[in-house]
Amino acid sequence: MRKAFRIAQREYRATVKTKGFIIGLVLAPVVMGGSGIAMALLEDRVDHEDKMIAVVDRSGLLAESLVRAAAVRTERDVYDAESGEQLRAAYGIQVVQPARDYDVQLLGLSDRVQSGDLHAIVEISEGVLHPRRDGAAARIGYYAQNPAMDDVRNWVGRQLNDELRRLRLDHAGVDQSALPDLFDWIQPEPLRPVSIDPETGAIGDAERSSELEALLIPIIPTVLMFLMLMMGAVPQLQAVTEEKAQRIAEVMLGSVRPFEFMLGKLMGGVGVSLTAATVYVVGGVAAIRFMELGQYIPYHVLPWFFVYVVAAVFMVGALQAALGSACNDASEAQSVAFVAMLPLMIPMFVLVPIAVQPESGFATGMSLFPLFTPFLMLLRQAGPAGVAPWQPWVGLVGMAAFTALLVWVGGRIFRVGIMMQGTPPRLGNILRWAIRG
C-alpha cells in the first residue's frame, strides 16, 4: 500500500499543479451553467421589432376583437409612460378577408411570412364558437417560422379565448358584468405539510415550495457529481493508454505490482475530485448565502455528496483504467470511450423525470443500482420530499460491494492488459482477462 500511496501522491500533484487544472476549475462551472448565465445577461435584451400578424377570420366573430386588443396593448404596455421609450415589440393586426380558394390564399400569406413581410398568420375556422358541436370545424391555426416557441401565439390565444367566452355568455343570455369573476383563475399554492415547532410546541405555518427548490436545487449537486467524475475518473482511460503506449507502465511495473499501480492512480483521481469538490461546495455555499438564499442549501446532503464522490471515482475510475489498459493507442481509446461513458450518461438522461417523481418505483429502483446511485440517490436526497432513511444506506452498501468488485475485476484486466502490446481491445479478450486474470 505504501507504493500505491506514493503513486497516488504523484498523480495528484501532477494534476493539481498544472495550469490546465486551475483553468478547468474556473471554467467548468461557467460551461455547465452557461445557459443560465446567458439568460441572466440577456434578460433585459427584449426584441423591439414590431410584428405584423395577418388574421383570416372565417367565423366573422373574432378579428375585430384582436385588432382592439393589439391597440390596447400598444397603448398600455409597449411604450414607457414617462420617457416614451419603446419597451417591447408592438403587434399589428392585418385583417384579411377569406378567399374562396383557401389553399392559394394560405400559400400567398405563407410566402409573406417566409420573406419577413409578416410575422405570423392566424386562421380562425367557422365553428370556433361551439367547438363541442362543430368538432373538427372548431380550429385556430397559427402559422409562423417558429410557432411552437412563439410568445405571440400565446398572446393571440389568450385574447381569442377571452372573446370566445364573452360571446358564449351573450349567446346564453348571461350578462357578463353581473358575474365579473366568473372566469378568474386561482392557482393552488405549493405548500409543504405543517409540523410542530420543536421549541414552542405550536403548529407552525406551512412553508411555501417553489420550482427552484423542487427541480433546480436537486439537479445542481447531481451535475456537480458528473463534473467530479469527469475530472477524477474519466481521464484514467486516456492516461493509462498513453503510459502503456509510451512504455512508462513497463518501467513502473518493474517496482510495483499492477494492482498497486492501478490503485495508486485511482486514489490520485479521488484526491483531484475531492479538491475540486471542496472548492465548488465551499464557494457555492458562500455565494448562495451572500445572495440570501441560504434556506435552499441542502446541508444534510453535503456529507453524502463527498462519500458518493469517493465511491464513484473508485467505481468509474476502475472501469476506465481497465479499458485503458486494453488499448494500445489513442485511436483505440477513443473507440471504447463511449462504452466507458455509459455509466455517466444514462443517469443524466433521466434526471428530470426522477426529479419530478422522486418517490416512484422507477426512481427508487434506478437510484439503488450501484452505477447510478451517486447521481440519482443524491438527486432524490436533495429534493424537498427526500427519501426513506434506509435507502441511502442500502445504496451505499451496494456501491461499496460493486466498487470492490469493479476494482478487483479491473485489477485483473489491468494486470494483463497493461503488458499486452498489439492486442486490440475486444470484448472477448477483456472478459477472458477478467475471468482468468
Novice: What pairs meet the salt bridge (charged side-chain N to carboxylate O under 4.0 Å, His left out) rule with one or both residues in residues 143-157, with sequence neighbours excluded?
Specialist: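 Those involving residues 143-157 do not exist here.
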
Novice: Answer yes or no: are there more than 12 heavy-atom neighbours, outside F338 itself, under 6.0 Å from its atom CZ?
Specialist: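 No - once you tally the heavy atoms of other residues, nucleotides and ligands closer than 6.0 Å, there are 12 at most.
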
Novice: Listed by chain and number, what are the ring pair (Phe, Tyr, Trp, His ring centres under 6.0 Å) partners of Y142, not counting sequence neighbours?
Specialist: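 Partners of Y142 by the ring pair (Phe, Tyr, Trp, His ring centres under 6.0 Å) criterion come out as none, since no residue qualifies.
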
Novice: Not counting sequence neighbours, which residues clear salt bridge (Lys or Arg N to Asp or Glu O under 4.0 Å) with R158? List them please.
Specialist: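 Partners of R158 under the salt bridge (Lys or Arg N to Asp or Glu O under 4.0 Å) test: none.
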
Novice: What residue among I220, L378, L379 forms side-chain contact (heavy atoms from CB on, under 4.5 Å) with M225?
Specialist: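 Only match with M225 under side-chain contact (heavy atoms from CB on, under 4.5 Å): L378.
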
Novice: Sequence neighbours excluded, which residues qualify as salt bridge (Lys or Arg N to Asp or Glu O under 4.0 Å) partners of R73?
Specialist: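 R73 satisfies salt bridge (Lys or Arg N to Asp or Glu O under 4.0 Å) with no residue once adjacent residues are dropped.
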
Novice: What are the two closest heavy atoms between L344 and M230, and how far apart are they?
Specialist: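 Looking at all heavy atoms of both residues, the closest pair is CD2-SD, 4.0 Å.
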
Novice: Checking the side chain of S273 only, and the main-chain atoms of V270 only, is there a donor and an acceptor separated by less than 3.5 Å?
Specialist: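 Not at all, since once roles are kept as given, no pair shorter than 3.5 Å links the two residues.
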
Novice: Indicate every side-chain donor-acceptor pair of residues 353-363 with a distance under 3.5 Å to a residue at least two apart or in another chain.
Specialist:
unit_1	atom_1	unit_2	atom_2	d
S360	OG	Q357	O	3.1
S360	OG	A363	N	3.2

Novice: Checking L263 now: which residues fulfil side chain to side chain contact (heavy atoms under 4.5 Å, CB included) with it, not counting sequence neighbours?
Specialist: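 Counting only residues at least two positions away or on another chain, L263 forms a side chain to side chain contact (heavy atoms under 4.5 Å, CB included) with M1, A4, F259, M267, F314.
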
Novice: Under 3.5 Å, is there a donor on one side chain and an acceptor on the other for S115 and D117?
Specialist: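 The criterion, which ignores hydrogens and geometry beyond distance, is not satisfied for D117 and S115.
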
Novice: I'd like to check the side chain to side chain contact (heavy atoms under 4.5 Å, CB included) partners of V16; sequence neighbours left out, ordered by chain and number.
Specialist: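 Residues passing side chain to side chain contact (heavy atoms under 4.5 Å, CB included) with V16: Y12, F21, V272.
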
Novice: By ring pair (Phe, Tyr, Trp, His ring centres under 6.0 Å), which residues pair with F375, not counting sequence neighbours?
Specialist: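 Partners of F375 by the ring pair (Phe, Tyr, Trp, His ring centres under 6.0 Å) criterion come out as none, since no residue qualifies.
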
Novice: Is any side-chain heavy atom of L396 closer than 4.5 Å to a side-chain heavy atom of T373?
Specialist: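 No, too far: nothing below the 4.5 Å cut-off.
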
Novice: Kindly write out the residues that satisfy ring pair (Phe, Tyr, Trp, His ring centres under 6.0 Å) with W155, not counting sequence neighbours, or none if the list is empty.
Specialist: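 In terms of ring pair (Phe, Tyr, Trp, His ring centres under 6.0 Å), with neighbours along the sequence ignored, W155 is linked to Y91.
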
Novice: Can any side-chain N or O of H300 pair as donor or acceptor with the backbone N or O of Q381 at less than 3.5 Å?
Specialist: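 Answer holds: yes.
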
Novice: With distance as the sole test, does R380 use its side chain to make a donor-acceptor pair with the main-chain N or O of G386 at under 3.5 Å?
Specialist: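 The answer is no, because no donor-acceptor pair under 3.5 Å joins these two groups.
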
Novice: Could you check if a side-chain atom of R139 sits within less than 4.5 angstrom of a side-chain atom of V128, using non-hydrogen atoms only?
Specialist: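 Sidechains of V128 and R139: no contact.
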
Novice: Take atom CZ of R165 as the centre, draw a 6.0 Å sphere, and report whether it contains more than 12 heavy atoms from other residues, nucleotides or ligands.
Specialist: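 Yes, the 6.0 Å shell around CZ holds more than 12 heavy atoms from other groups.
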
Novice: Got a sec: does the CD1 of I203 have more than 12 other heavy atoms crowding it under 6.0 Å?
Specialist: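 No, CD1 of I203 has 12 or fewer neighbouring heavy atoms, counting only those of other groups under 6.0 Å.
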
Novice: Would you check if I124 and V56 make a side-chain contact, meaning some heavy-atom pair closer than 4.5 Å?
Specialist: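 I124 does not reach V56 side chain to side chain.
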
Novice: Is there a side-chain contact between P343 and F369 in this structure, where contact means two heavy atoms from C-beta onward sitting under 4.5 Å apart?
Specialist: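 Contact flag for P343/F369 side chains = no.
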
Novice: When rounded to the nearest 0.5 angstrom, what distance separates CD in Q114 from CG in L107?
Specialist: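 One gets 10.0 Å once the value is rounded to the nearest 0.5 Å.
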
Novice: Taking CE in M149 as the centre, count heavy atoms belonging to other residues, nucleotides or ligands within less than 6.0 Å. Is the count above 12?
Specialist: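 It does not: M149 CE has 12 such atoms or fewer within range.
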
Novice: Regarding N154 and Q159, do their side chains bring together a donor and an acceptor under 3.5 Å, going by distance alone?
Specialist: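 N154 vs Q159: no donor-acceptor pair found between side chains.
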
Novice: Please answer whether the main-chain N or O of K265 pairs with a side-chain N or O of Q236 as donor and acceptor at a distance below 3.5 Å.
Specialist: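 The answer is yes, because a donor-acceptor pair under 3.5 Å joins these two groups.
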
Novice: Is it the case that over 12 heavy atoms from other parts of the model lie below 6.0 angstrom from the CD atom of Q145?
Specialist: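 Yes, CD of Q145 has more than 12 neighbouring heavy atoms, counting only those of other groups under 6.0 Å.
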
Novice: Which residues pass the salt bridge (Lys or Arg N to Asp or Glu O under 4.0 Å) test with R166, not counting sequence neighbours?
Specialist: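 R166 satisfies salt bridge (Lys or Arg N to Asp or Glu O under 4.0 Å) with E163, D170 once adjacent residues are dropped.
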
Novice: Could you work out, with ring pair (Phe, Tyr, Trp, His ring centres under 6.0 Å) as the rule, every residue matching W390, not counting sequence neighbours?
Specialist: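 Not a single residue meets the ring pair (Phe, Tyr, Trp, His ring centres under 6.0 Å) criterion with W390.
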
Novice: With rounding to the nearest 0.5 Å, note down the distance linking OG1 in T222 to CE in M377.
Specialist: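 Here the interatomic distance stands at 12.0 Å.
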
Novice: Looking at OG of S367 and CZ of F372, how far apart are the two atoms once the value is rounded to the nearest 0.5 Å?
Specialist: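 Taking OG in S367 and CZ in F372, the distance rounds to 11.0 Å.
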
Novice: Using atom types as modelled and distance alone, determine if a side-chain donor or acceptor of D50 lies under 3.5 Å from a backbone N or O of A89.
Specialist: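 No, D50 side chain to A89 backbone: no donor-acceptor pair under 3.5 Å.
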
Novice: Quick check: does any side chain N or O of D80 sit under 3.5 Å from a backbone N or O of E85, one acting as donor and the other as acceptor?
Specialist: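 Flag not set: sc D80 to bb E85 has no pair under 3.5 Å.
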
Novice: Mind checking salt bridge (Lys or Arg N to Asp or Glu O under 4.0 Å) for D111 and listing every partner two or more places apart, or none if nothing turns up?
Specialist: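 Residues passing salt bridge (Lys or Arg N to Asp or Glu O under 4.0 Å) with D111: none at all.
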
Novice: In Å and rounded to the nearest 0.5 Å, what is the CG to CG distance from L376 to L351?
Specialist: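 Rounded to the nearest 0.5 Å, the CG-CG separation comes to 6.5 Å.
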
Novice: Quick one: does E123's side chain get under 4.5 Å of L106's, heavy atoms only?
Specialist: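 Counting from C-beta outward, E123 and L106 never come under 4.5 Å.
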
